[in-house]
Amino acid sequence: MSAKAADIVDTAVSAGSFTTLVAAVKAAGLVDTLKGEGPFTVFAPTDEAFAKLPAGTVEDLLKPENKDKLVAVLTYHVVPGKVMSGDIAGKEMMVKSVQGDTIDVNAMNGVMVDGATVTSADIEADNGVIHVIDTVIMPGM
């Protein structure tokens, strides 16, 4: 297996299915954070996941005056540390997000995070891991 040559942001960019997430991370000013040392576990919503939000939600979150809300939503998708699917298989737990609220993780039958399904797990980056989810999860706002 070759060495991982990309951080979480570069890995998401090269995957091609996270253009909305990457644009949001840039708008929120979180690029440097997610290129940082980590390690981070990121539950990454696909472009299709963002498309399932009510019309105008993404555009609204990307407005400069909503940067704090955007940062909260994005950091809710990030957990400190590197958690691989094998670490949680067969377990249910609440994990604290970088945003501060807890995420309900259920790995009893596949993996669900706050009602979103992990569709692809354990995409390793050199500063953490990405788990792809089919729904954008929201902190209690």
Side-chain angles (χ1 to χ4, degrees), residues 1-2 4-141:
M1 185 165 169
S2 64
K4 297 172 288 295
D7 58 49
I8 284 176
V9 176
D10 294 337
T11 302
V13 168
S14 65
S17 54
F18 303 108
T19 53
T20 307
L21 177 62
V22 171
V25 165
K26 288 177 179 171
L30 293 172
V31 171
D32 288 345
T33 302
L34 290 177
K35 283 181 165 286
E37 199 170 301
F40 305 106
T41 298
V42 177
F43 296 109
T46 59
D47 292 338
E48 291 80 15
F50 278 102
K52 291 196 305 192
L53 291 170
T57 303
V58 173
E59 294 77 7
D60 202 45
L61 284 170
L62 292 176
K63 290 178 182 168
E65 64 268 24
N66 291 329
K67 183 176 177 183
D68 290 347
K69 187 186 272 189
L70 179 63
V71 167
V73 169
L74 293 174
T75 56
Y76 185 64
H77 288 78
V78 181
V79 175
K82 183 176 180 179
V83 183
M84 304 300 284
S85 60
D87 298 334
I88 59 166
K91 300 176 185 168
E92 283 184 77
M93 65 196 73
M94 300 295 285
V95 294
K96 192 171 180 82
S97 71
V98 170
Q99 179 265 344
D101 286 355
T102 55
I103 303 169
D104 181 27
V105 177
N106 182 334
M108 298 301 285
N109 185 9
V111 181
M112 300 280 294
V113 288
D114 273 5
T117 300
V118 173
T119 57
S120 183
D122 300 340
I123 300 167
E124 291 193 69
D126 57 10
N127 64 343
V129 62
I130 296 171
H131 302 294
V132 182
I133 56 175
D134 66 353
T135 306
V136 177
I137 58 177
M138 294 286 187
M141 292 186 148

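Reckoned from all heavy atoms, side chains included, excluding hydrogens, waters and symmetry mates.
Nearest heavy atom pair, residue P39 against residue G128, reads CB-CA, 4.3 Å. Closest of all the heavy-atom pairs between K69 and L61 is CD-CD2, 3.6 Å. Closest approach of P139 to A72, counting heavy atoms only: CG-O, 3.9 Å. Taking each heavy atom of L70 and A27 in turn, the nearest pair found is CD2-CB, 3.8 Å. Pairing each heavy atom of V73 with each of I137, the nearest pair is CG1-O, 4.3 Å. Annotation for V71 and A28: closest pair CG2-O, 3.5 Å, computed over non-hydrogen atoms.
One finds the CG atom of N127 at 7.5 Å from the OG1 atom of T11 (value rounded to the nearest 0.5 Å). Between K26 atom NZ and L21 atom CG the span is 11.0 Å, to the nearest 0.5 Å. Atom-to-atom distance recorded for M138:CE and Q99:CD is 11.5 Å, nearest 0.5 angstrom. Taken from NE2 in H77 to CG in L30, the straight-line distance is 12.5 Å, to the nearest 0.5 Å. Residue T135 holds its OG1 atom at 11.0 Å from CD of E48, rounded to the nearest 0.5 Å. Taking CG of L34 as the start and CG of L74 as the end, the distance is 8.5 Å to the nearest 0.5 Å.
The backbone N or O of G100 lies less than 3.5 Å from no partner atom in the side chain of Y76, so there is not a single donor-acceptor pair. At least one donor-acceptor pair closer than 3.5 Å links the side chain of D47 to the backbone N or O of T20. Between the side chain of H131 and the backbone N or O of D122 there is at least one donor-acceptor pair closer than 3.5 Å. A donor-acceptor pair under 3.5 Å is formed between the side chain of D114 and the backbone N or O of D104. Side-chain N or O atoms of N66 include one that pairs as donor or acceptor with a backbone N or O of D60 at under 3.5 Å. A donor-acceptor contact shorter than 3.5 Å links the side chain of D134 to the backbone of T117. No side-chain donor-acceptor contact under 3.5 Å links K82 to the backbone of E124. No side-chain donor-acceptor contact under 3.5 Å links T41 to the backbone of V129.
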side-chain contact (heavy atoms from CB on, under 4.5 Å) between F18 and T46, intermediate numbers included: CA-CA 5 Å; F18 303 108; T46 59; 4.1 Å; yes
V25/K35 under side-chain contact (heavy atoms from CB on, under 4.5 Å): CA gap, chis, key distance, verdict: CA-CA 11 Å; V25 165; K35 283 181 165 286; over 6 Å; no
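Put simply, the side chain of T57 does not reach to within 4.5 Å of the side chain of F50, judged on heavy atoms. Side-chain contact between S97 and T75: absent, with no pair of heavy atoms (C-beta onward) separated by less than 4.5 Å.
Counting non-hydrogen atoms of neighbouring residues, nucleotides and ligands closer than 6.0 angstrom, the CD atom of E65 exceeds 12 such neighbours.
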